[in-house]
Structure formats: C-alpha cells, structure tokens
Amino acid sequence: MDFSISQDHQMLADSLRRYFSDKYPIELRNKAGYSAPFHSPEVWTDLAELGVIGAFIDEDHGGFGGTAQDIAVVFEEVGRALCCEPLLGALMGARLLALSGQDQAAEDIVAGTARAAVAIFEPGVVCNLGAISAEARQLGGEWRLFGHKNAIYGGPGADLVLIAAHAGGKIGLFLAQSPDMQAAPMIDGGGIGDLVMDGLPAACICEDASAMIEETLDLARIALCAEANGAMDRLIAMTTDYLKQRQQFGRPLATFQALQHRLVDMVMELEQSKSITIRAVASFGSDDQARHVAMAKNLIGRAGTKISEEAIQLHGGIGMTWEYAGSHYAKRLVMIDHQLGDRHDHAGRLAAMD
Amino acid sequence: MDFSISQDHQMLADSLRRYFSDKYPIELRNKAGYSAPFHSPEVWTDLAELGVIGAFIDEDHGGFGGTAQDIAVVFEEVGRALCCEPLLGALMGARLLALSGQDQAAEDIVAGTARAAVAIFEPGVVCNLGAISAEARQLGGEWRLFGHKNAIYGGPGADLVLIAAHAGGKIGLFLAQSPDMQAAPMIDGGGIGDLVMDGLPAACICEDASAMIEETLDLARIALCAEANGAMDRLIAMTTDYLKQRQQFGRPLATFQALQHRLVDMVMELEQSKSITIRAVASFGSDDQARHVAMAKNLIGRAGTKISEEAIQLHGGIGMTWEYAGSHYAKRLVMIDHQLGDRHDHAGRLAAMD
Amino acid sequence: MDLEYSAEEIAFRDEVRQFLAENLPLEIAAKVDAGGELEKQDMERWHAILNAKGWLAATWPVEYGGTGWSTVERHIFSEECALHNAPRLVPFGLSMLGPVLIKFGTEEQKREILPRILDGRDWWCQGFSEPGAGSDLASMTTRAVRDGDDYVVNGQKTWTTLGQYANKIFCLVRTGTGGKPQAGISFLNVDLDTPGVEMRPIKLIDGGHEVNEVFFTDARVPAANLVGEENAGWTIAKYLLTHERTNIAGIGFSLKDLERYRRMASAMTRDGRKLSEHPIHAAALAELEADLEALQISNLRMLANARDGAASPIDSSLLKLKGTQLRQDILALMRSARGPDAAFWDESPANTNSDLPPHADHVAPTYFNNRKLSIFGGSNESQRNIVAQTLFR
Amino acid sequence: MDLEYSAEEIAFRDEVRQFLAENLPLEIAAKVDAGGELEKQDMERWHAILNAKGWLAATWPVEYGGTGWSTVERHIFSEECALHNAPRLVPFGLSMLGPVLIKFGTEEQKREILPRILDGRDWWCQGFSEPGAGSDLASMTTRAVRDGDDYVVNGQKTWTTLGQYANKIFCLVRTGTGGKPQAGISFLNVDLDTPGVEMRPIKLIDGGHEVNEVFFTDARVPAANLVGEENAGWTIAKYLLTHERTNIAGIGFSLKDLERYRRMASAMTRDGRKLSEHPIHAAALAELEADLEALQISNLRMLANARDGAASPIDSSLLKLKGTQLRQDILALMRSARGPDAAFWDESPANTNSDLPPHADHVAPTYFNNRKLSIFGGSNESQRNIVAQTLFR
C-alpha cells in the first residue's frame with residue numbers, strides 16, 4: 001500500500017507545474033482559449049516537447065507512458081493551471097489511433113505536429129454508445145459518413161478527427177482529415193465543434209471499435225477527474241487565501257464560523273475526489289474499471305459543482321468577475337460535469353451495473 | 001387574499017392548545033403512547049368532547065366541520081402538542097363511514113364511543129391504490145376478506161376497521177368489527193397494527209370506493225402536513241431556546257454563526273411547509289387537489305426530516321435523550337414522512353401527473 | 001383563509017394582461033424568453049411604453065407621477081410582466097432614488113429629478129459598494145470634502161450595475177469623521193460627466209458587461225446635490241435597502257424558467273430516453289415545482305402582512321434566501337439538462353445571428369451569471385445574519 | 001502508487017478471516033447482522049475469545065499483552081471483524097485507559113490494571129463529559145479535594161456509555177483552581193462500588209439504555225488511583241482523545257449496512273416495482289457506494305500517512321466527519337426503504353421472540369440511535385472547528 005507517486009511521475013508533474021507557472025499566465029490562457037483557434041499553438045508545441053502528449057500512449061506507439069497513472073499525473077497539473085489546450089482530444093485521439101494501428105498518425109500527434117479530436121457522441125446521446133445513430137456507407141469504394149456529431153472537444157482546427165459510426169452492424173471508427181465543423185469557444189475556454197455529416201469522406205481505421213472506444217472514454221473520464229482535482233485544489237487554496245485576507249466588520253472573513261465550516265466541507269469533498277480518482281486509476285484495465293470510473297465521474301461531478309458554487313459564494317462579488325482567475329476555475333469545475341456523462345448519467349450506469 | 005383563520009377556527013385552536021397545555025404533559029403522552037392500548041382513553045374522551053373528531057365531518061353526518069381547513073387547524077395543534085392519540089384513524093374512518101352512509105357508526109366515532117381505523121395499504125404498497133391485492137369473496141352470503149394489510153394507524157383496539165379490497169373488478173370498502181391484529185407501538189408513539197386476513201368476515205359498505213378512498217387519503221395527508229407544521233414550529237422554538245440558554249466556551253451557543261445560519265435555514269423550511277399546506281388546504285376539492293397535496297407531502301417530508309436531524313444535532317447529546325421532549329418531536333417529524341407516501345413516492349406521483 | 005385575489009384585483013390583473021398583450025413589443029419579449037441579453041434601446045423602449053401608460057413608477061404616490069397601486073397590485077403587475085416576458089425595469093431611478101427623494105428630498109429636488117426619471121432623460125446608477133466595503137457597507141471610504149458650494153469627491157465605487165448606460169449616480173460618501181462608521185456618511189447625487197469621474201467596465205464570469213467601477217478624482221459636485229442632511233446618509237441608505245421590494249423572491253422569473261425547462265425537457269432526449277421521462281430529472285423538477293408553489297404562497301403571505309402593516313425583516317430576508325436558492329437550483333437543472341452542449345458559448349448572447357448550433361443555448365452563461373443572486377443585493381449570508389438577529393433577540 | 005496490501009498483509013488478513021470463521025459464535029454474528037442489540041454476556045464472550053487468542057489489545061505493545069500490530073494490520077483486523085459481524089469491542093479499557101496507562105501510568109498501575117482489562121475482570125467506563133461540559137470539556141466542574149491519602153470527589157458525569165456493565169470508571173476531576181480552565185484537571189480512576197458513587201440510566205431517543213449519568217457525593221478515592229501528575233489531566237485527556245483510532249470512519253459498519261440495504265432492496269417491492277429498480281433509490285445507493293469507495297481510499301491514505309509518520313488532525317477529523325455523515329445517510333436510506341413498516345417498534349430489540357410482523361425490523365431505531373454518531377466522540381461541529389484551525393493557520 002503506497003500512495004506516493006513514482007519519481008518519474010513526480011518529475012513530470014514538477015516540470016509541468018514549473019512550465020505553467022512560468023509560461024502560462026491566466027491572461028494568456030483567457031486570450032488563447034476564447035478565440036479561434038481556441039488554443040495557443042506556441043503552448044501546444046511546448047507541451048508536446050515537454051512530453052505531455054507522449055505520456056498518453058506507450059512506447060510501442062511512439063509515446064513513453066500510457067498508463068492511467070501517467071494520464072492522471074498530467075491532467076492534475078493541467079487542472080491546477082487551468083490549461084485549456086485541447087489535450088483531451090489529443091489523449092483520446094492518440095489512444096484510438098495507436099490502438100487502430102495508425103502508428104504514423106499517432107506519432108504526429110505525440111510530436112505535436114498534428115492535432116486530433118474525437119467525435120463519438122451526438123445531440124441527445126451523451127454517455128451511451130449504443131444510442132448513437134451516425135452511419136458509414138461505402139459509396140464508390142469510399143467510406144462516406146452521415147449523421148450529426150456534437151460537443152467535439154478540441155474539434156475546431158483539428159487535423160485528424162476520429163468519428164464513431166455504424167457500419168455493417170458494428171460501430172466502426174473512421175478518420176477524417178480536417179473536416180469543416182461549426183466551431184465555438186467553450187464557456188470555460190478551449191474550442192468545441194459540431195459536425196453535421198452528409199457524406200463526409202473518411203477512412204475506416206477500425207471496423208469493430210466499441211471496446212476501444214469505451215476504454216478510451218473511461219481513460220478520458222479519469223483525465224477529467226484528475227483535472228478536476230487539480231482545479232479544486234487550486235480553487236480551495238485561492239478561497240482560503242481570500243478568506244484570510246479579506247476584512248469585513250473589522251476582522252478577516254476567515255474568522256467567521258459559518259464560512260469556516262463551509263470551507264471544511266469543501267476540503268472534505270476534495271479529499272473524497274482525490275481518493276475516488278486513485279481508486280479509478282488503480283482499477284483501469286481491471287474488471288472493476290467501468291464501475292470505479294463511473295463512481296469517480298459521479299462523485300467528482302457532485303464535488304466539483306459544490307466546490308465551484310461555494311467558492312464563488314465565499315468570494316462574494318470578486319468571485320463573479322472575469323478578471324479574477326478563481327471564476328474561471330469555478331466555471332471549469334462545473335463544466336467538467338457536462339463532459340462524457342454527468343453525475344446522473346453515471347449514477348444511472350452504476351445502478352444498471354448492480 | 002386573506003391568510004388569517006376564522007374566529008371559529010381560532011377558538012377551536014385555542015381551546016385545543018389550552019387543553020393540551022393543561023392536561024397532556026409529555027410524560028402522560030409517553031406513558032400512553034407506548035403500551036397497549038397505545039393511547040389514553042381519558043384523553044380520547046376529552047378530545048371527543050372538545051369537538052376534535054366532530055371537526056372531521058360535516059353536519060349532515062353528525063359532525064360540525066369537515067373542511068380541509070377544519071382538519072388542518074386541529075392537526076396543527078395535535079402536532080404542536082405531539083399528541084399521539086389515534087386521530088388519523090378517526091379522521092379517515094369517520095370520513096369513509098359518513099361517505100358510505102354509515103351514519104350511526106360515524107356518529108359513534110364523533111361521540112368518541114367507538115374508535116375507527118382504516119386498512120388500505122399492504123406490505124410493498126404504500127401509495128398506489130392500484131397495486132393492492134387483498135380480495136373480498138362472498139361465501140355463503142357473507143363477505144370474507146383475504147390478504148394482508150399493514151401499517152394500520154390506530155389499528156390496535158379499534159372497534160371499526162375499514163378495509164379496502166378487490167371485489168367484482170372494483171375496490172370496495174368493507175367494515176370489520178374489532179378484528180384481531182398484530183399490535184405494536186410506533187417508534188414515535190401511538191398504536192399500529194398488521195392484519196393478516198384469511199377469511200375475515202366483514203360487511204361491504206361501498207362497492208366502488210376508489211374515489212372516496214383517494215379523497216380521504218389526500219385529506220389525511222393534509223392532516224399529516226398540518227401536524228408536521230405544528231411539531232416543526234414547536235421543535236424550532238425549543239431549539240432556539242436551547243441555543244440561547246446553553247453555554248459553551250463561555251458564551252451562548254446562539255452566538256455561534258455556524259449554528260445561527262443552520263437555524264435560519266430550518267425556519268425557512270418551516271415557512272415553506274406552512275405555505276404549501278395552505279396551498280393544499282385551499283386546493284382540496286378542486287382539480288389541483290392531488291397535485292398540491294402531493295407537493296405538500298413531498299415538501300414536508302423533506303423539511304420535516306431536515307428540521308428533525310438539525311434539531312437533534314444542534315441540541316447535541318440532550319437531543320438524543322428520551323427524557324427531553326424535543327427528541328420525540330424529532331422522531332415524529334421523521335416518521336411522518338413514512339406515512340401515506342414519502343417524499344420520493346410523491347415526487348414520483350407528481351412526475352407522472354405532468 | 002382565502003388565497004384568491006379580490007374581484008377588483010382580478011380585474012386589475014386582466015387589465016395588465018391586456019395591456020401587455022397589446023403593448024409589449026414581440027421582439028423584446030422573444031429576447032427575454034430566449035434568455036438573451038437586452039440592449040439599451042430595448043430597455044428604454046419598454047420604459048417609454050410604460051411611462052406613456054402611467055404605469056412606470058409602481059411605488060410612487062400619484063402626485064409624483066406614480067401609480068398609487070396597492071402592494072398586491074404592484075405584485076400582480078410585476079408577476080404578470082415576468083410571465084409575459086417583459087424586460088425587468090431598471091430599479092435605480094424608479095425603485096431606489098425615487099422613493100428616497102420622495103421621503104428625504106427637497107421640493108426642488110423632487111420637481112427637478114423625478115420627471116426626468118419618468119421620461120427617461122436621466123438613467124441613474126448606484127454608488128454604494130466599494131472594493132473594501134461590500135456586506136460591511138459602513139466601512140466605505142469614498143470621501144467628500146466641502147469646499148465652498150461644492151463637495152470635492154475622491155474614492156472608488158464598484159459593482160455599479162448598468163452604469164455604462166447611466167448619466168447620473170447616487171452615492172454614499174464620507175463627509176464626517178470619528179464616531180461609529182455609520183456616522184459621517186452622506187447621500188450625494190453626481191453627474192457622471194463631472195470632470196474627475198471615470199467609469200470602467202467589469203467583465204463578469206459569463207463574459208457579460210453588466211457592472212462597472214466608478215473612480216472619483218477631485219470631482220467637484222454641487223452641495224445642492226446632497227439628499228437629506230449632511231452625515232445623515234446612513235438613515236437614507238437603510239431606508240433604501242429595506243424599502244419594500246415586492247419582487248424580492250423573483251417568483252415570476254422562476255416560473256418562466258421552469259416553463260422554459262419543461263419545454264426544453266420535453267423536446268430533448270438523453271441516451272435514448274425523453275429527458276422529461278428521466279426519473280432523476282423528473283423528480284428534481286417535481287420538487288422544484290413544489291418549492292416554487294410554496295414560495296408563491298410565502299410571498300403572498302408576506303404581501304398580506306405588508307398590507308396589514310405587519311411586515312418583518314424575517315419575511316423579506318427569508319424570501320430573498322429561498323427565492324434566490326430556488327432560482328439558482330432551477331438554472332442548475334437547466335444547465336444540467338443541456339448536457340455537453342451547454343459548453344458552446346457565444347460571447348454576444350444578444351446576437352441572434354449566432355454561429356452556435358441550434359441545440360446550444362444560453363443555459364450555462366445564465367446559470368453562471370445568476371450565481372450573483374445570492375451575493376448581490378445583500379448576500380445570503382447577510383440575510384441569514386439578519387434573520388438570526390431577530391430569532392435570537 | 002499501489003493500493004494493494006503486501007503479501008504479508010494479505011496473509012494476515014487470511015489468518016484473521018480463518019480465525020473469525022472458526023471462532024466467532026454464529027448466534028452473536030447473527031444478532032449483529034440483524035442490527036439487534038447485544039447483551040452483556042455476548043460482549044464478554046467475544047472479549048474472552050479474542051483474549052484467548054491474544055488478539056484483544058490491538059494497540060498495546062506486546063510486552064503488556066498487546067498484539068504489536070502495525071497500523072495497517074489493526075485496520076485489517078477491525079475491518080474484517082466488521083465484515084464478519086463481530087461485535088464492536090468496548091473501547092474504554094482496551095483503546096482508552098490501556099494506552100493512557102502505558103504512556104502515563106506507574107509500573108504498579110500497569111501491572112495491576114492492564115491484565116484485569118484483558119481477562120475481563122474489570123469493565124471500564126469513561127467519566128469525561130458533564131451536563132455543563134460537552135464540546136467545551138475544559139469547563140468541567142467535578143471536584144476532587146485531597147484529604148490525607150484520599151481524594152474526596154463531588155460532582156456529576158454524564159453520557160457514560162455502557163456504564164451499567166462497568167465496575168470501574170476513569171474520570172477527569174478538578175484538583176486545582178485559577179488559571180486557564182485546562183489547568184487544574186487531573187485524571188483519576190474510581191471503583192464504581194465506592195460509597196457515594198451512583199449510576200443512573202439515561203434512556204435514549206430509540207428507547208435503548210446505552211448511556212448513564214454518574215453522581216459523586218463525597219466519594220473517597222485513594223490518591224494512588226491518580227494517573228500521571230496532579231493537575232496534568234488535560235494532557236492525558238488530549239492524548240486519549242486524539243489517540244489514533246483506525247476505525248474512526250466506521251467503514252466496516254457502512255459496508256455491512258450497505259450490504260443489508262441491498263439485500264433488503266432486492267427483496268422488497270414498492271407500489272408494484274422492485275425497490276432495487278426504483279430509480280431514485282437506485283441512484284441514491286449508487287452515490288452512497290461511490291462515497292464509501294472513496295472513503296475507503298481516504299482511510300487507507302490516512303493509514304499510510306500514519307505509518308509514514310505524517311498523520312495530521314485534518315485527516316482524522318475529516319474521516320470522522322465524512323464517515324459519520326455517510327453512515328447516517330445509509331441508515332436514512334434504509335429507514336426510508338422500509339416505508340410505513342419502519343414505524344413498528346419493539347422496545348427490546350435483543351428479543352428475538354418479538355411480536356413484530358416479519359416485514360418490520362430495526363431500521364428506524366437504528367437510524368435514530370445513530371444520530372449520535374455526529375454528536376458523540378467530538379461533535380462534527382467541533383471537528384469542523386479543528387480542521388478550520390489548521391486550514392487558517
């Protein structure tokens with residue numbers, strides 16, 4: 001029983017934290033994350049060089065990581081720095097490309113020379129692969145895609161978009177090159193895309209991809225949980241500092257018992273969130289994977305929303321302002337619950353597993 | 001728009017409150033409510049003489065009330081005094097007898113010379129009349145009942161037990177005289193019975209009783225809500241007094257902000273509970289009856305449980321003791337949510353109505 | 001006990017409904033219904049329509065151009081407006097400065113300022129909060145020093161809502177020293193084009209520009225702009241802050257939001273099931289509806305108390321607490337219902353030619369923006385403190 | 001990162017499991033499983049079985065008859081005991097007085113008292129709280145005045161758990177005056193058959209007799225019964241109260257309760273639907289399971305910290321907070337699942353010949369009884385105060 005992380009992981013975490021602290025101020029983040037291409041190409045190159053994307057897949061596929069723990073270490077720092085670079089798309093894309101034997105493409109992703117995004121879900125289909133309806137048809141020897149994919153994280157400007165679609169009674173995985181999509185910033189920063197496919201040409205890279213997609217989704221959920229932990233940790237620290245420094249009625253807010261007790265409850269939620277993420281990381285690849293990942297996403301959906309709302313409230317007006325970094329952490333924490341199934345979706349999945 | 005109650009109601013409430021305050025100390029209550037016959041025959045006679053039971057039905061049937069407002073006024077005082085006399089059974093029984101044309105029996109109930117109880121629900125059937133399975137069969141010209149009725153409030157020792165059972169494709173209402181039942185005290189005081197019927201002889205007093213049973217259930221739910229309001233009001237007052245009087249660390253608990261804020265939230269729940277009961281009372285008999293009564297029972301199930309738990313916690317150890325009256329109020333408030341459908345049952349009913 | 005409106009009140013409600021049906025511009029109502037932001041001209045247009053009808057200043061006596069409505073009539077009017085998607089009236093002139101002048105102003109101030117509020121020539125904003133003085137308003141430090149016929153004002157105000165549209169601001173300024181912090185505060189009206197007054201936008205969490213900072217640097221303000229006595233500003237501020245607000249619970253808005261939610265939920269599916277049939281969402285909706293039904297009665301009870309002269313601070317604080325919590329819970333449910341599409345963001349929600357896909361809407365920015373409800377206008381913590389003071393008196 | 005036990009720890013766990021399978025009396029386990037109350041002889045029997053095995057004093061060093069187990073082994077043992085429905089060990093001698101004597105007692109006290117705890121000749125209870133001193137323990141007033149070789153004790157203790165079975169009590173008594181309230185407190189052992197000591201039962205909310213009041217009226221106690229120095233009792237009390245408790249989160253109990261709940265829910269219907277398929281109940285269960293899974297890891301993290309010498313008060317306070325909340329939530333769900341039948345009550349839950357219908361059980365009394373979890377043993381408010389102190393240091 002050992003809850004410390006390895007030296008390699010500690011070094012990766014330290015170098016990332018140093019990088020973000022030196023080179024990624026909130027002003028840069030807010031500038032890059034809200035207008036096309038919804039990220040900073042310079043930061044992206046730096047992150048690739050730091051090995052962030054390489055940590056997402058194993059050595060056989062051009063990376064140097066690929067375990068759930070690798071992913072958790074990276075994303076906790078991503079969350080702590082509130083980095084809105086399209087890493088979730090890169091994670092999912094690199095995994096799926098590697099698993100589909102697209103080694104060259106995977107290497108391009110790891111090198112940072114190409115960006116990937118993944119289009120699985122659809123309007124009204126947020127968590128259940130069985131409910132998707134996009135189709136792939138062979139027309140004149142070429143695959144063409146029909147249907148509507150939405151909420152494609154990092155989609156705008158992505159070079160390689162991996163798309164899940166029905167073909168031959170199975171769910172296959174298709175690769176499209178820089179398809180046009182409706183692009184927008186996310187309210188919490190970063191790009192998101194919406195892809196209406198009416199005969200989009202694509203290559204089939206896997207004919208029966210359900211299992212690898214489910215596995216990749218669970219890994220991405222672990223990434224989101226780790227990201228939330230980093231963001232919660234930072235937001236609670238900011239809230240603590242604010243309460244210590246802010247004076248009302250002649251004394252620091254930190255001396256008001258009602259506020260103290262609420263902060264304690266936030267810390268408790270954070271500890272639970274860290275613990276359930278540790279559980280999910282350890283279960284990745286085991287029989288308990290789906291169950292423990294769903295638990296983690298459910299618990300962190302609740303904890304993140306609560307911590308976000310309480311942090312804003314405890315800050316008062318300042319927590320409502322764009323200029324204050326805490327407001328962006330708060331937004332991110334709420335919006336993480338919207339990604340890849342929210343607390344209710346995962347509670348429902350858990351109930352169905354019992 | 002007028003939220004004051006009528007002079008007659010005020011007088012009824014005042015006389016009840018005076019009676020309970022003079023003649024119904026908590027010691028008497030706890031002695032009577034936990035051993036057979038699970039109530040005090042003397043108090044019962046007094047309440048009948050004060051007109052409490054008469055308030056449950058209208059003049060045409062030997063009473064002098066019968067509106068939802070009459071019932072709410074009585075039960076709010078019942079709750080404030082934590083009276084555990086079997087009034088809920090009397091209310092439902094008197095209504096159903098009157099609606100079935102059993103005038104003499106209804107008059108006996110009103111006079112306090114006979115006690116009624118109502119057996120509608122069954123193990124696993126708590127809120128949905130459509131799911132009951134007890135049956136009535138005619139054997140040799142006589143009705144015989146088969147099935148299992150549980151949670152019969154005021155059942156032990158009741159002279160007249162009204163039983164819902166299937167007969168001829170409808171749900172009929174049957175009257176049995178002092179049937180044997182398994183009797184127990186309720187954890188919050190008063191008697192409760194469990195009736196296994198294997199050919200119990202009974203008279204059919206209504207062949208198609210669903211509508212009158214539903215109406216009576218809604219009225220009984222209003223009674224429970226009003227009772228909860230009285231009990232919450234009293235428990236919050238006790239908690240407030242305790243916080244003012246109890247010293248910790250050299251000052252009254254009432255000066256600790258974390259506790260203050262929790263008490264305020266309790267008061268807010270109480271105000272909401274009073275409001276939704278007013279709404280349900282006003283809607284009784286209208287198209288909105290079922291909806292507003294379900295809302296009331298749902299909201300008060302939540303509010304009562306929360307106020308109970310918080311009151312115990314704010315009292316600390318003393319709130320855990322049998323000797324302190326507050327603990328019995330707290331129990332009653334939680335257990336009201338178990339009667340005639342709890343918050344989840346009623347939320348489900350509401351969702352199905354939309 | 002009678003929950004119904006009187007025949008006169010029902011007639012009044014019908015009159016309001018008819019007026020709204022005939023006079024509320026459809027394009028404005030549609031914007032409100034969609035949860036979009038209004039532009040200045042939308043607000044001014046609706047202001048002018050109500051002024052033409054004489055229904056603008058609900059809380060003013062008739063002699064000053066007000067409606068002379070009863071508490072209940074004011075409630076009916078504001079509820080109907082919300083239900084018909086009328087824009088919320090900007091309160092600073094109509095509900096704040098107006099009543100203050102009527103009670104504390106000189107005849108000249110009333111004659112000069114009130115008509116300009118009504119006809120829209122002046123748009124007032126509020127200068128109370130400061131960076132260091134929020135809930136603890138009495139710790140404010142903006143200073144006004146008398147110099148001849150002027151005050152010279154230095155300091156900073158913040159959270160000035162819609163100040164970007166305003167030409168006037170009423171402020172609390174410190175004119176005296178010593179004694180309790182509440183002493184030595186005065187209530188001063190200031191032209192925003194006075195040299196030395198500068199307004200800067202504050203961008204909020206949802207990206208919107210709704211509040212501002214106002215900086216005063218040796219700004220010379222005529223002493224005649226003082227309202228009430230010098231150093232008597234705290235009394236005026238307290239009057240203003242506790243001045244009966246019929247709409248403190250925001251019920252009309254919650255009703256509209258629930259209506260929008262039901263519309264949304266019945267049109268959406270989630271993993272193969274209609275969202276309106278999703279048991280967790282349906283149960284949450286049912287409980288919010290019950291809470292709102294109760295809150296409506298709580299609000300009417302408060303109105304009846306106020307009408308009968310029995311208002312207590314518990315009432316309005318509890319309504320504010322529950323009303324804001326409930327509204328926030330409703331908006332959270334809507335946000336949650338929208339699933340991953342809630343992330344799509346359009347910085348200009350007023351822009352109807354948005355690039356957003358049609359299944360995205362403004363639920364997330366609306367949710368984030370309305371976290372303010374429990375902070376502004378007396379934070380919910382302050383409200384709990386107020387109620388606790390009364391409970392433990 | 002490695003969540004698994006080491007090979008040695010797994011071997012230890014298997015040994016514990018085998019021991020429990022072979023030695024835990026089935027009728028006792030069945031009582032625990034049913035949520036019933038244990039009788040004195042049940043507890044004594046299990047105590048003796050463990051003593052015979054040498055597994056009784058998990059936290060004592062081997063030289064005093066303890067097990068010498070590591071933190072993790074202690075955790076494994078207590079978790080396995082809970083999972084196998086072993087009775088909870090009465091902590092007052094084993095986990096409280098024992099460690100106090102080992103640290104602060106004289107050799108003679110250790111030699112005399114520790115073996116009698118192990119072999120069950122003495123049943124200790126605790127005399128800390130007083131009617132006027134709960135969370136604020138230092139305000140206690142029970143007084144011990146030195147008179148020759150004795151102390152003369154006057155005062156009252158309360159919340160004395162299982163005192164009705166005890167023959168000894170360890171107390172905090174006031175021996176000095178002046179200074180801070182924490183000064184002048186001593187730690188004194190008292191025979192309960194000392195003249196002037198009287199124990200009276202306190203009946204709890206669920207009707208059970210579990211705690212008592214103890215009255216001291218001129219009770220003469222040998223001065224040799226003092227533990228540590230006179231007036232040094234506060235240090236000892238603090239040591240005792242913060243003494244590492246591996247089971248503070250009550251995880252084994254929560255696991256068992258969830259297991260009982262699942263059993264119950266799959267056997268019950270509610271209005272025509274299996275309770276286990278009721279979406280609201282199922283979602284609540286799923287979230288409680290997630291919380292408990294997380295809490296198990298939180299608990300292991302604390303154990304690892306403690307093992308590595310990095311324990312902090314935040315850890316144990318947070319575990320107590322979350323552990324008790326969670327357990328209470330689970331018991332509330334069980335209560336709620338039982339529906340109207342939860343009302344049936346049997347004053348003697350140990351009575352297996354109960355008259356109750358078979359579909360009624362002890363869920364309601366168990367729920368009410370366990371409201372104590374967030375009050376006793378340092379109220380959850382006190383725990384929050386402790387954590388806040390560390391956070392805002």
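Per chain, numbering begins at 1; letters A, B, ... match sequence-line order.
Residue A/Leu129 does not touch chain C at all, counting heavy-atom pairs closer than 4.5 Å. In this structure, chain A has heavy atoms under 4.5 Å from both the backbone and the side chain of C/Leu204. Neither the backbone nor the side chain of A/Phe121 comes within contact range of chain C; no heavy atom of the residue lies under 4.5 Å from a heavy atom of that chain. Looking at C/Pro181, neither its backbone nor its side chain comes within 4.5 Å of chain A, counting heavy atoms on both sides. For C/Ser336, the parts sitting under 4.5 Å from any heavy atom of chain A are the backbone and the side chain alike. Contacts of A/Ala151 with chain C are made by both backbone and side-chain atoms, with heavy-atom separations under 4.5 Å. Heavy-atom distances place the side chain of A/Arg246, and not its backbone, under 4.5 Å from chain C. Heavy atoms of A/Gln313 lying under 4.5 Å from chain C belong to its backbone as well as its side chain. Heavy-atom distances place the side chain of C/Phe376, and not its backbone, under 4.5 Å from chain A. For A/Tyr324, no part lies near chain C; criterion is any non-hydrogen pair under 4.5 Å. Contact annotation for C/Arg335: both backbone and side-chain heavy atoms come within less than 4.5 Å of a heavy atom of chain A.
Other residues, nucleotides and ligands place no more than 12 heavy atoms under 6.0 Å from the CD atom of C/Gln389. At most 12 non-hydrogen atoms from other residues, nucleotides or ligands lie less than 6.0 angstrom from NZ of A/Lys31. At most 12 non-hydrogen atoms from other residues, nucleotides or ligands lie less than 6.0 angstrom from CD of A/Glu323. Remark: A/Asp180 CG is loosely packed, at most 12 non-hydrogen atoms of other residues, nucleotides or ligands lying under 6.0 Å away.
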Q: List the steps, then state whether side-chain contact (heavy atoms from CB on, under 4.5 Å) holds for C/Trp159 with A/Thr321.
A: CA-CA 10 Å; C/Trp159 311 127; A/Thr321 63; 3.5 Å; yes
Q) Does the side-chain contact (heavy atoms from CB on, under 4.5 Å) test come out yes or no for C/Phe368 and A/Lys331, once each step is laid out? A) CA-CA 8 Å; C/Phe368 285 112; A/Lys331 266 188 294 191; 3.6 Å; yes
Q: Could you please spell out the steps behind the salt bridge (Lys or Arg N to Asp or Glu O under 4.0 Å) verdict for A/Asp345 and C/Arg270?
A: CA-CA 9 Å; A/Asp345 299 316; C/Arg270 189 147 179 135; 2.8 Å; yes
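Looking only at heavy-atom pairs under 4.5 Å with chain C, the residue among A/Ala131, A/Gly317, A/Gly341 that has the most is A/Gly317. Looking only at heavy-atom pairs under 4.5 Å with chain A, the residue among C/Thr269, C/Asp271, C/Val211, C/Ile375 that has the most is C/Asp271. When each of C/Gly272, C/Gly132, C/Ser379, C/Ser129 is checked for heavy-atom pairs under 4.5 Å with chain A, C/Gly132 comes out on top. Contact count against chain C (heavy-atom pairs under 4.5 Å) is highest for A/Met335 among A/His328, A/Met335, A/Glu122. The choice from A/Leu259, A/Asp342, A/Ile192 that makes the most heavy-atom pairs within less than 4.5 Å of chain C is A/Ile192. With chain A as partner, the option from C/Met268, C/Gln328, C/Glu381 having the largest number of non-hydrogen pairs under 4.5 angstrom is C/Glu381.
Identified by a heavy-atom distance below 4.5 Å to chain A, the contributing residues of residues 135-142 of chain C are C/Ser135, C/Asp136, in residue-number order.
Between A/Trp322 and C/Trp345, the angle of the ring planes stays under 30°, which puts this pair in the parallel group of the 30/60° scheme.
Within the 4.5 Å cutoff, no side-chain heavy atoms of C/Phe344 are placed close to those of A/Pro185. Annotation: side chain of A/Ile312 is in contact with side chain of C/Ile205 (closest heavy-atom distance under 4.5 Å).
Screening residues 308-319 of chain A for salt bridge (Lys or Arg N to Asp or Glu O under 4.0 Å) gives A/Arg262-A/Glu310, A/Glu309-C/Arg371 as the qualifying pairs, with residues at least two apart or on separate chains.
The shortest heavy-atom contact between A/Ile187 and C/Ala364 is CD1-C, 3.9 Å.
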